[in-house]
Structure formats: structure tokens, C-alpha cells
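Inspection log for the structure reproduced underneath, given as C-alpha cells.
Sequence lines set the chain letters: A, B, ... in the order given, protein chains first and strands last, and positions in each chain run from 1.
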Amino acid sequence: MSGLRGGILPRSFYAGDTVDVARKLLGCILVHEAPQGITAGKIVETEAYIQGDPACHASRGMTPRNRVMFGAPGYAYVYFIYGMYYCFNAVTASAGVGEAVLVRALEPLQGSHLMRARRGRERLEDLCSGPAKLVQAMGITREHNGADLTCSQLFVCTRETVPGKFVTTTRIGIKEGSEMPLRFYLEGSPFISRK
DNA sequence: GTCCTGATCCTCT
DNA sequence: GAGGATCAGGACG
């Protein structure tokens, strides 16, 4: 699986239009080479957070928490939420622009035994079917905030097969901006967080 | 300093 | 479908 490194998405991939990047990430592989072993999963659900979007963390300017979003594209933005969970985002657009793509669900491809141990769940569909779940299953921590997705232990690879049709809907768990169609998932996947 | 809110998950009912 | 767990950031004084 280390051969996947050959397919690492370049920084230019993330530098494009955020909504476009969110769609193109569907079907790509998120990989984490942890000391305990490698875990990998196919991205089946994403959400875009863009400029002028009230639900975007960057909408009220840069703070110590969201500063990674304003940096160069191709870095991981990991933040703490609800007192218990972390969510993983890929920073997009150009430096100075606070935009990112939230990865909401994965289809486990490798290291499912590790994922089960980290999650305490057996069913494959319960391992990565939510933003906080996949972070836990992949072994991602706050230490990964600001990690370079093009040259670190945490990276994303280009898709190996052409994904099927994807569905565009509204985002989950937000109030303002909830009418914007910025959530994307692979149609029919049993691994998405919800329909 | 204090108060409030939240891009969630899990366990009930 | 509802509610609790649990805590960092941000707004305000």
C-alpha cells in the first residue's frame, strides 16, 4: 500500500475552486501511516466551506484556531468540536483565503482491524461513517492540524477507479448557510453518514 | 474572568 | 426522534 504514495495528490489539486475540489475528492483515498500501522479509506462524502459562507469557520476572520485555513492549500485542518470530537478538513483555495473541504465519511480499504480497535465497533459501516468517527478510526489527532497532505504520514491519493454518480445536497449540522448545496456523496454507498 | 455555542456521536425510547 | 456528554473558542464586561 505504500505504493499509494506515488499517487499523492499535488498541492495544485487543492489550489483550485473549493466546491470543485470537494467533488473531485470523492473516490480518492485518505491514508495515514501511523506507528501502529497503515489505515486507508475511500472518501465517499465531503462538504465545502467557502468564503462568504456564514457556516465556515473562517467567516469571521483569522483566529489562532482557524489560522491553518488561511494558509497554503494542501494542509490538514483538524479542529475540536462538541467537547469530545475532532473533524478533519483539507485546506483549499489560495493562501489568504479561508476555505476548506470537510471529509465526512470513508469506505474502509485497509487496516480495518486497527479501525475496529480504535473505534470499539465491529461493523465496517460503523467505522468511518461520520466526520468524528473517521478521525478516530484513522488515528488522526490534533497533532495533525497543519500537517502537509502532500508530504507527511497523512496524505490523499488519486482515485484508482472512476467513481459512480455522486449526489449534491445541503450540509449537515449547521444553521446559517444550511440552504447551500455544498455536500457531496457517492450515490448508493453504505458508508456515508446519512442520506 | 464568565457565559454561551457548537461542521457530533451514542444510547436510549 | 430526543437528550446527554463535555470543553475550546469567541464575545463580552
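- Taking every side-chain heavy atom of A:R121 into account, B:dC10 is the closest of B:dC10, B:dA7, B:dT8.
- The residue A:R183 sits apart from the nucleic acid: no heavy atom pair falls under 4.0 Å.
- With sequence neighbours excluded, the residues forming a ring pair (Phe, Tyr, Trp, His ring centres under 6.0 Å) with A:F80 are A:Y86, listed by chain and number.
- By the 6.0 Å contact criterion, CD on A:E176 is open, its count of non-hydrogen atoms from other residues, nucleotides or ligands being 12 or less.
- Listed nucleotides: B:dT8, B:dA7, C:dA5. Nearest to the side chain of A:N89: B:dA7.
- The phosphate of B:dC10 (OP1 or OP2) has a side-chain N or O of A:R119 nearer than 4.0 angstrom.
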Dot-bracket for DNA chain C, 5' to 3', counting Watson-Crick or G-U wobble pairs under 3.5 Å, with [ ] for crossing pairs and | for inter-strand pairs?
|||||.||||||.
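- Distance CZ/A:R194 to CD/A:E45: 9.0 Å, rounded to 0.5 Å.
- Using a 4.0 Å heavy-atom distance criterion, A:A132 is classed as a sugar-phosphate-only contact.
- A cation-pi contact, defined as under 6.0 Å to the ring centre and within 45° of the axis, links A:R171 to A:Y49.
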Sugar-phosphate atoms are those with a prime plus P, OP1 and OP2; base atoms are the rest. Using that split, label each nucleotide of nucleotides 8-13 of chain C B, S or - for protein heavy atoms under 4.0 Å, 5' to 3'.
SSSS--
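- Under 4.0 angstrom from either OP1 or OP2 of B:dC10 there lies at least one side-chain N or O belonging to A:K133.
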